[in-house]
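See below for the structure under consideration.
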Amino acid sequence: MAEPDPASTPTPNGASRQWRRNVPGLVGVAFLALLVAACLGSLPWTLTAAASAGGASTVPRYNAGDPSAGRLPPAWWPPDAEQSERLVSLVPAEQLQSIADHYGITADDLLHARNQAATAEAIRSAPKPILGTDVLGRSLLVRCLAGGGISLGIGIAAAGISVIIGTLYGAFAGYVGGKTDAVLMRIVDILYGLPYILLVVLIAVASDALIEEFVSRSGARDAWSSRTVAQISSQISSPTPGPSPRLEGIDLDQPAPADDPFTRALAAELSRETHRTEDQAREQLSRHVDATRGDLLAAAALLARPPREGLASARVFLDVCTLLLAIGGVSWLTMARVIRGQVLSLKGQPFVEAARAAGASPSRIFGRHLLPNLLGPIIVYATLTVPQAILQESFLSFLGIGVKPPLPSWGNLAAEGLSELNSFRSNWWLLLFPCLLLAVSLLALNFVGEGLREAFDPKRARR
Amino acid sequence: MTETAVANATPQPPNTQAPILSVQSLAVSFENGRAPRVQAVDGVRMTIYPKQTLAVVGESGCGKSVTALSMLQLIPRPPGRFDRGRIMFRSDRGPVDLLTLGAREIREIRGNEIAMIFQEPMTSLNPVYTIGNQITEAILLHQRVGAAQAREIAIKAMSDVGIPDPERRLKAYPHQFSGGMRQRVMIAMALACQPRLLLADEPTTALDVTIQAQILELITGLKDSRDMAVMLITHDLGVVAENSDVVCVMYAGRVVEYAKVFDLYDAPLHPYTRGLLASIPKMRTKAQTRQHRLVTIREIVDDETQFRQLPGAENGVRPWWPWHKPPADLTPRDEPAGDYDLLEVAPEHWVGVWRTDAVQHRESREPDIGYRVPARA
Ligand SMILES: Nc1ncnc2c1ncn2[C@@H]1O[C@H](COP(=O)(O)OP(=O)(O)O)[C@@H](O)[C@H]1O
Ligand SMILES: [Mg+2]
């Protein structure tokens, strides 16, 4: 190996020279490029609906499957007797018939594997997914691709968030210095001391309640109900006493026929709320025959405060967003420390003093002279934060806090795979492939980050 | 000349007779943990005229940089503090006290009317930008010109400071330049906005001797061709002799001697100055080689008789020296550095003395010498 140049400096040239010698880093970059292209590039395909035989399906491709084709092994793995039987049964009827005719047996013989050659032929023509299928017969490849897109996307975005927060926080603390710096860095120390997983779980759980309220609006409905009941009870003068649950003097367990004063008052309230005529409101309520007053009230509340549109997709989107915030929001601490240290040392550099002497304002010095010099460490730590964030996402999804099914991620795919691992039948592919993808991409990311660190750090490069 | 005079509402012909900057009893101190504050500079006075080079000489740590940095409010505060004094500057908008200007006002002076170059040319340039980028930034900070025009000015400035092939060098990065070339770039940046005063804080200390001479020659030449004043900070008296008009010798935060350059070399009055001059190695003739040993500063300042040679010594005028016990007839003023005075002991020749009875009654001007060495050959 050639003697490293002792004069190598953290200049762009020096960095790229160091970089070219780093074989694991280069392999990592190549692998990641492929993986990211495959996962993110296929998202438009995996997230859109597959056209099924009976017409257009509304289920996205990563979620579409045939339950009878569940738990099939990868195409290149020899199926056992039970799997073979199911594979044969998946062959379209006409094709099955033609194979049976060819071997001179009936389709029923074929289905019961009475002729080995014919069965082998039928299995060959059966639809076989490359990486096998999961419990619900969904292609594992498609789910791994979509899960990869989501895992990598969350990882990269969370790393981006942590880079932004960490850089701004650390750079501000370092640049201002003095007491402000001391206070800001003690806050970081305290956050460091807290178990971060607990923080993430708390953020995720707390935001879950918020999402629930935002999307399905159950709280808003409750509020509407009690407000309405209060309104009505002030109108109805003679409430009948009774042992059943009561609200503001109204017995909610009583049946509510159409001519009941409660029903009429409720219809009036509802019509005011939904801008319809009273008749229309009464008509809507009258669909609930034999209902108690309580049932009627719940129905009216649902009409007055309906859940938001696109409930499922909104929930998925918000879920992913909170996960992103939770991970990004706790992983910026190291970044902030590193950047602060860099700023402190850069601040004392003569070129900063020279810029001040030339009349540059503090903000200009910060943006033009400090930030560009921070680019090296920012890039390195960003690359090292991505695998960390991906791991955290997968970990949380594995525990069931993060990305929730049916949306796949490598973490919840692994969790599903683990639950399918039993002594009766292993279904190993369900666990192996998500874990393999996760492990190899984490390794690749760490190689790349390590390589970048060496490239940007003259002291290490000189070894 | 007349055109600009007409263009200006208040025509100001370059007044080379009035000082451009005068430092009046400047005192700067720094926090020092729980210990008492460090008095970096105390009672410093000096005056600079246009087209003049004032050399500030003294050993490391005597407060030269603090004096220069104070002029641009570049002292970090805290820990630093301006205790006393004024620095009057004749700016384009009339006289101002540089110490009391607001943040925005001083930024308009920095790099524009007063420019500064530093000792470390290797690290005074930002490694991530090209030379051209940094020079044009300095121009765009203070001048309302377009990018193309700024580039023109930058090229002109680079050729002015003797950088060959400036158009191509504009695209080079600092690490592609040698130390001498980088210092030329620093000078080009400093001069791009036509400052009226250049503060050069040991501009050649980090350079080797031949480059040193070239850079100083360059600064002197540029000073003469533009109505610029230069404050040249150095600890090298050899540099001073050839490149300055007036010399200010500092020690321990105070001015100990202030005189025209030839007066100082021919008749140094403060023992410390004599020590400094005696300790410069000189080429000797064969006849002199018997006395081959160098005289050290210590040998001179440790000699009591050296302190009794001032004009007026018979009346008790004694050079100020922090390591001596003050004379018995000291009559200090009630203020910091009140035991000390900068006394004009000979015409246009000031020496830092103890404020004894004899000194108290002598009338003394502020140090102020408008002298310039006649054009050098
Ligand atoms: N930022 C600072 N903090 C504390 N003390 C300082 C600072 N800058 C300068 N000083 C003090 O001021 C004195 C003079 O320093 P300086 O002007 O830099 O000396 P020099 O004459 O070598 O340029 C030093 O002895 C040092 O104790
Ligand atoms: Mg200095």
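Chain letters run A, B, ... following the sequence lines, proteins first, then strands; residues in each count from 1. Here the structure is a predicted model, which is why all the values come from computation and not from measurement.
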Under a 4.5 Å heavy-atom cut-off, does chain A meet the side chain of [X], its backbone, both or neither?
X: B:Leu141; answer: side chain
X: B:Met186; answer: side chain
X: B:Leu199; answer: neither
X: B:Tyr129; answer: side chain
X: B:Asn133; answer: both

Hey, mind stepping through A:Glu353 and B:Leu74 against side chain to side chain contact (heavy atoms under 4.5 Å, CB included) and telling me if it holds? CA-CA 8 Å; A:Glu353 180 85 349; B:Leu74 287 173; 4.2 Å; yes

If the test is side chain to side chain contact (heavy atoms under 4.5 Å, CB included), which one of B:Asp92, B:Ile109, B:Asn112 qualifies with B:Arg196?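 When side chain to side chain contact (heavy atoms under 4.5 Å, CB included) is applied between B:Arg196 and each of B:Asp92, B:Ile109, B:Asn112, only B:Asp92 qualifies.
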
Determine the option with the most heavy-atom pairs under 4.5 angstrom with chain A, choosing from [options].
options: B:Leu72, B:Leu125, B:Ile106; result: B:Leu125
options: B:Glu137, B:Met189, B:His142, B:Glu120; result: B:Glu137
options: B:Cys193, B:Pro78, B:Gly111; result: B:Gly111

Less than 4.0 Å between a side-chain N and a carboxylate O, is that true for B:Arg93 and B:Glu105?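 No salt bridge links B:Glu105 with B:Arg93.
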
Side chain, backbone, both or neither: which part of A:Ala355 has an atom under 4.5 Å from a heavy atom of chain B?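 Neither part.
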
Part of A:Arg368 within contact of chain B (heavy atom distance under 4.5 Å):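 Contact with chain B involves both backbone and side-chain atoms of A:Arg368.
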
Find the distance between OG1 (A:Thr167) and CZ (A:Arg340) and round it off to the nearest 0.5 Å.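 These two atoms lie 15.0 Å from each other.
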
So, for A:Val352 and A:Leu346, which heavy atoms are closest and what is the spacing to 0.1 Å?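 Closest approach of A:Val352 to A:Leu346: CG2-O, 3.3 Å.
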
Please tell me whether B:Arg184 and B:Gln214 have a donor and an acceptor in their side chains that are separated by less than 3.5 angstrom.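 Looking only at side-chain atoms, B:Gln214 and B:Arg184 do form a donor-acceptor pair, the distance falling under 3.5 Å.
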
Would you call the rings of A:Tyr169 and A:Trp332 parallel, tilted or perpendicular if under 30° counts as parallel and over 60° as perpendicular?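 Tilted, since the angle between the ring planes falls between 30° and 60°.
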
